[in-house]
Asker: 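Here's a structure for you.
We use all heavy atoms of the structure for the numbers below, so side chains are in, but hydrogens, waters and symmetry mates are not. Residue numbers start from 1 in every chain, and the chains themselves are labelled A, B, ... in the order their sequence lines are given, proteins ahead of strands.
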Amino acid sequence: MKTTLTLILTSLLLLQTVAVAATKMLSEQRKAELSNMVKQDCGSCHGLTLKGGLGPNLNPERLKLFPIEYLELTILHGRPGTPMPPWSAILTKSEINYIATQLKRGAWYEK
Amino acid sequence: MKNKMNRLYVIVVTLLLSNTIVEACEVRGTGDLGIVIERTTGSIQIVDTSSRSAIARVEGLGDLSHASAVYSRDARYAFVFGRDGGLTKIDLLCKKIEKRIIQGGNSIGGAISQDGKWVAVSNYEPGGVRIFNSTTLELVADLEATAISDSKRSRTVGLVDAPGNRFIFSLFDSGEIWIVKMGDSSVASIEKFTDIGNQPYDGLITPDGRRYIAGLFGEDGLALIDLWHPEDGVTRILNNYGRGEEKLPVYKMPHLEGWAVAGDKLFLPAVGRHELLVVNSSSWQESGRIKVHSQPVFAISRPDGRHIWVNFAFPHNNVVQIIDSESLEIIHQLEPGKGVLHLEFTPRGEEVWVSVRDKNIINIYDTESFKLIKSIPAETPSGIFFTNRAGETGL
């Protein structure tokens with residue numbers, strides 16, 4: 001029991017480390033591309049300021065309700081039954097982690 | 001003496017200044033003018049299709065992601081609908097904002113009535129349509145959409161004008177179409193069609209103003225109302241266009257307001273497919289499909305109907321394809337660059353203007369030879385709207 005828990009914890013920690021490392025590995029150029037993509041292309045539904053449209057408002061205050069994994073999964077798989085598509089064919093996991101982190105921080109949200 | 005000189009100086013300067021102000025309002029026709037939305041900077045450029053140039057920039061229009069515009073019937077004023085609920089009336093001759101209001105929290109386009117007296121705006125937040133006096137921008141009607149929860153009302157989409165001084169729109173969340181008839185001072189009546197299908201995402205009206213068609217996101221097919229016979233209710237068309245096939249992720253919603261009608265064919269972008277649907281406009285049955293580069297966003301016919309120009313969704317939005325409306329073959333492909341967001345033909349269709357967002361340019365092409373004639377700079381351009389829309393139903 002204890003071993004399993006330790007394993008899980010270790011895996012989680014490792015995963016986190018991997019994700020963080022992966023984010024760090026994104027080139028500045030790729031980050032700039034992703035930033036442009038979020039504002040312009042995600043912006044076609046969520047708005048350029050990310051205050052929402054057909055898609056919901058991505059206000060960092062509101063996003064506090066959701067753990068980062070939830071945001072990552074939403075980006076990865078989309079939200080079936082809504083217009084939110086899965087981005088798994090376009091973005092890597094580390095890119096998704098970078099976007100989710102930035103969304104949480106409100107990096108692209110314009111007040 | 002010195003005092004007198006001073007006074008003279010003041011008078012001369014005042015005259016010069018007032019002269020400048022007068023000169024800023026040009027005496028000219030507006031038939032060859034238009035506007036280009038600069039989405040990131042919240043500005044528009046007033047453009048001249050005769051000189052193929054931008055003649056002025058007007059700033060301060062707020063969040064222009066997904067912005068669109070309609071024109072007053074004299075084609076002097078553009079009404080720009082911003083994402084942030086902004087409704088801005090622009091004077092093309094004086095090149096300035098005539099009036100600007102924030103009418104809602106989050107908006108998605110609008111329309112102007114047949115008689116030019118009313119401007120309607122479609123809102124996501126608060127869900128519904130608001131109608132304004134086109135001269136003063138005073139609110140004359142606030143049509144609240146059907147409630148979908150305690151705190152939320154359905155988002156409204158696909159708002160167009162129709163003959164009989166009517167507005168028509170669809171309700172995304174509640175699956176309805178409403179027809180609003182305008183009277184002398186406000187709304188005269190509202191007719192509601194329910195259960196029209198799952199998640200109507202946009203609507204179009206045929207160029208003759210007879211049929212309103214809503215595209216459905218939540219299922220395959222479209223909902224059609226014959227405005228000559230609204231008593232017949234909603235007819236579902238193309239119900240089987242995707243049966244048994246898995247849809248691709250939709251990275252950008254297609255648009256229907258850029259309808260393409262050529263002869264007896266109507267061309268529509270298929271949702272989540274690399275296809276254009278061809279519909280026979282007398283039987284309203286599918287008459288063919290055209291495989292295209294990627295998921296189409298706009299399919300727009302050249303004014304003579306001979307060619308259909310198509311742009312595409314992210315991440316394949318660097319390409320434009322041109323289709324022969326008779327043979328249904330792709331006859332040419334252009335690669336203007338990343339972020340081809342919109343295209344607009346000059347009124348008689350000899351040239352087409354294409355916005356290329358990520359290159360910050362508008363490309364102007366000859367529509368016979370497909371040769372690039374000129375590129376003009378614009379900040380992250382999206383929608384292009386020429387004044388000939390002033391005389392067209394549904395635009």
Asker: Give a yes or no answer on whether the side chain of Gln199(B) reaches the backbone of Gly81(A) with a donor-acceptor pair at less than 3.5 Å.
Answerer: yes
Asker: Report which part of Ser382(B) has an atom under 4.5 Å of a heavy atom belonging to chain A: side chain, backbone, both, or neither.
Answerer: neither
Asker: Counting only heavy atoms from other residues, nucleotides and ligands, does the tally under 6.0 Å from CZ of Arg105(A) exceed 12?
Answerer: no
Asker: Under 4.5 Å heavy-atom distance to chain B, tell me which part of Asn57(A) shows up: side chain, backbone, both or neither.
Answerer: neither
Asker: Given that the side chain runs from C-beta out, which part of Asn317(B) has a heavy atom under 4.5 Å from chain A: side chain, backbone, both or neither?
Answerer: side chain
Asker: Look only at the side chain of Tyr251(B) and the backbone of Cys42(A), and say whether a donor-acceptor pair between them is shorter than 3.5 Å.
Answerer: no
Asker: Does the side chain of Tyr201(B) come within less than 4.5 Å of Pro83(A)'s, by heavy atoms?
Answerer: no
Asker: Go through the atoms of Met37(A) and report whether side chain, backbone, both or neither lie under 4.5 Å from a heavy atom of chain B.
Answerer: side chain
Asker: Side-chain contact test, heavy atoms from C-beta onward, threshold under 4.5 Å: evaluate it for Leu48(A) versus Arg39(B) and give yes or no.
Answerer: yes
Asker: Side chain, backbone, both or neither: which part of Glu110(A) has an atom under 4.5 Å from a heavy atom of chain B?
Answerer: neither
Asker: Rounded at 0.5 Å granularity, tell me how far CD in Glu125(B) sits from NZ in Lys51(A).
Answerer: 13.5 Å
Asker: Got more than 12 heavy atoms from elsewhere within 6.0 Å of CZ, Arg79(A)?
Answerer: no
Asker: Nearest 0.5 angstrom please: Arg83(B) CZ to Cys45(A) SG, how far?
Answerer: 7.5 Å
Asker: Side chain, backbone, both or neither: which part of Asp358(B) has an atom under 4.5 Å from a heavy atom of chain A?
Answerer: side chain
Asker: Evaluate whether atom NZ of Lys338(B) has more than 12 neighbouring non-hydrogen atoms of other residues, nucleotides or ligands under 6.0 angstrom away.
Answerer: no
Asker: Quick check: closest heavy atoms across Ile90(A) and Phe314(B), and the distance to 0.1 Å?
Answerer: CG2-CE2, 3.9 Å
Asker: Any side-chain to backbone donor/acceptor pair from Asn106(B) onto Gly52(A)? Under 3.5 Å, distance only.
Answerer: yes
Asker: When you check the gap from the basic side-chain N to the acidic O, do Asp41(A) and Arg357(B) get nearer than 4.0 Å?
Answerer: yes
Asker: Search all heavy atoms of Pro86(A) against all heavy atoms of Pro249(B) and return the closest pair with its distance.
Answerer: CD-CB, 3.7 Å
Asker: Could you tell me if the side chain of Phe172(B) sits less than 4.5 Å from the side chain of Leu54(A), heavy atoms only?
Answerer: yes
